[in-house]
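Here's the structure, in structure tokens; my notes come after.
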Amino acid sequence: MAISDQDSWWRDAVIYQVYPRSFADNDGDGIGDIDGIRARLGHLSELGVDAIWMSPWYPSPMADAGYDVADFRDIDPAFGTLAGAEALITEAHAAGIRMIIDIVPNHVSSEHVWFKKALADPGAPERELFWFRPGRGPDGDEMPTDWVGEFDGTTWTRTTDPDGTPGDWYLHLFTPEQPDLNWDHPAVRAEFEDILRFWFDRGVDGIRIDSAALLFKDRDLPAVVDGRRHPFHDLDEVHDVYRAWRRVADSYPNRALIGEVWMPEVDRFANYLRPDELHAAFNFDFLVCAWDPRLMRECIDRTLHAHAAIGAPATWVLSNHDVTRHVTRYGRAETTFSFANNLDGVPVDLELGTRRARAAALLSLSLPGATYVYQGEELGLWENENIPVEKLQDPMYGRRGHSRDGCRVPLPWSGDEPPFGFSTVAGWLPQPPEWKDRTVQAQTGDPSSMLELYRAAIGLRRAEPGLHDSAMTWLPAAPGVLAYTRGPGFACVLNMSGVAVTLPDHDRRLLASNPLDGDLLPPDTAVWLRLRTES
Ligand code: NOJ
């Protein structure tokens, strides 16, 4: 089944995030690769997803797992070749799956040719493409600002001039290996528009935009002061860039731009989704929301309200490669997520977390908009919090004490012990031996497994008219219960209270996240119902 020419596919797609390092390894080096993804496309077809979002696959020194890009027009040898990427795009399309790639416009790798030239010669024109500034203090040995980086680290690194003397500093909101680009410079804008065309010409259907709100910096480099315009978050100038990107996307049929926009202020968030800007943005409000019926309902209402005002589709995201997997999150007493609140080592009830994750799947797959599935979520994987320190690779670890590697562990495909069919050798991060019950092979055909729940839910979603264009309407429900209809014949009921509740009047049960107790819906369980409609 080839991809359809359906317009606006991104509005209600199920989009599966592939983290290429950890999906499947074909060449036996313990690191996932493009040929591994090609060999396992059948898994995604059977799951029924509409699109893949591919985390960065470009040449990179991997200081930040590929979010430090040295060349946006090629593929890292660890992952394969450009020809292999093109073959994957073609094969995915033939399987009816669209391809979204990740573009990282805020920064490049310190190995990018522009930065190498800028560093080699203080007089080089490439210097202007970055943020080089003299230091403060009599010897210039104090950073130009006291800005705190996105990984909690410092944001400036001092250079050494060719004659060996200390030189200017350069800005990096992330690691020193990720110098920030100067988006005031027209060459930066032109370059990225060209990169978009490069990939759209190769058939890519969408772009995920990394750190989408950080591109511009206040040129006066002011201090961060509460209540004043932030010097590098969400500066108004960024919208002009996305309007230009939208013009590029619109010059091709059915291409989508999807922003990584972490933004607590809903109206500022919605600005990115105006009709001439991005098509969609990740809903982090939902991702970080506690397992709490009142907060969850408020979050859903807030999301739908903000998106309706500008006609943009909502997105529903439970996990990704940056955050603690939600089986683990929902199994803790504190169920929210925040980078500032490190819960590593806090006790987890994995059975409870799994039960809630199953219910959350039926929630996120039946709300209006697009749903994102992070690889392994369909297998019910939990965070691996037992990775030996010497194996950790995430640069966040040294700065915040929390590593994102626990959610980036290679997928278990088959067999009884690591590497569970991921590779022929040990994977780049260790898999918990307990994942023997969570392999694709072990779950296939087991109606009680997470995998079969996801397959059934995505299949029903595809076939159910109410789960596409229809709005949702809340139904009256007992305290702690979320119940809503989509279209006249479909309802979802999620019991977040501590007691079993009676189901609303219905014709048929379509799918339940856990067995029902007669006519009662147990706690932490969701069900999809066919409602009686007048004939
Ligand atoms: C957001 C990405 O999701 C994350 O993995 C990365 O470290 C930062 N942006 C920097 O590119």
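Order of appearance sets the numbers: ligands from 1, and atoms from 1 within every ligand. Numbering of residues begins at 1 and proceeds along the displayed sequence.
Aromatic ring centroids of Phe337 and Phe284 lie 6.0 Å or more apart. Under the 6.0 Å cut-off for aromatic ring centres, Phe79 and Trp57 do not qualify, their centroids lying 6.0 Å or more apart. With ring centers used as reference points, Phe286 lies under 6.0 Å from Trp316. Separation of the Tyr272 and His239 ring centroids falls under the 6.0 Å cut-off.
Close approach to Phe151 involves these atoms of ligand 1, each under 4.0 Å from a residue heavy atom: 7 (O). Every atom of ligand 1 with a heavy atom of Arg408 under 4.0 Å away is listed here by number and element: 5 (O). For ligand 1, the atoms sitting less than 4.0 Å from at least one non-hydrogen atom of His107 are 10 (C), 11 (O), numbered in the order shown with element in parentheses. Interface atoms of ligand 1 facing His321, defined by a heavy-atom separation under 4.0 Å, are 2 (C), 3 (O), 4 (C), 5 (O).
Using a non-hydrogen distance threshold of 4.0 Å, Glu150 does not register as a contact of ligand 1. Using a 4.0 Å cutoff on heavy atoms, Arg404 counts as a contact of ligand 1.
Nearest heavy-atom pair, Phe174 versus Ser211, reported as atom, atom and distance to 0.1 Å: CZ-OG, 3.6 Å.
For the ring-ring contact (aromatic ring centres under 6.0 Å, His included) with Phe232, the qualifying choice from Trp147, Trp183, Trp131 is Trp147, the only one to do so. Between Tyr170 and the choices Phe115, Trp114, Trp156, the ring-ring contact (aromatic ring centres under 6.0 Å, His included) rule is met once, by Phe115.
Under the 30°/60° scheme for interplanar angles, the aromatic rings of Tyr372 and Trp53 are found to stand perpendicular.
With distances taken over non-hydrogen atoms, the option nearest atom 1 (C) of ligand 1 out of Ile209, Asp210, Leu214 is Asp210. Selection from Val104, Asp64, Asp102 by nearest heavy atom to atom 10 (C) of ligand 1 gives Asp64.
Counting only heavy atoms of the protein, atom 5 (O) of ligand 1 lies nearest to Asp322 OD1, 2.7 Å. Residue, atom and distance of the protein heavy atom nearest to atom 8 (C) of ligand 1 are Phe174 CE2, 3.8 Å.
Of all the heavy atoms of Met396, none lies under 4.0 Å from any atom of ligand 1, so neither backbone nor side chain is involved.
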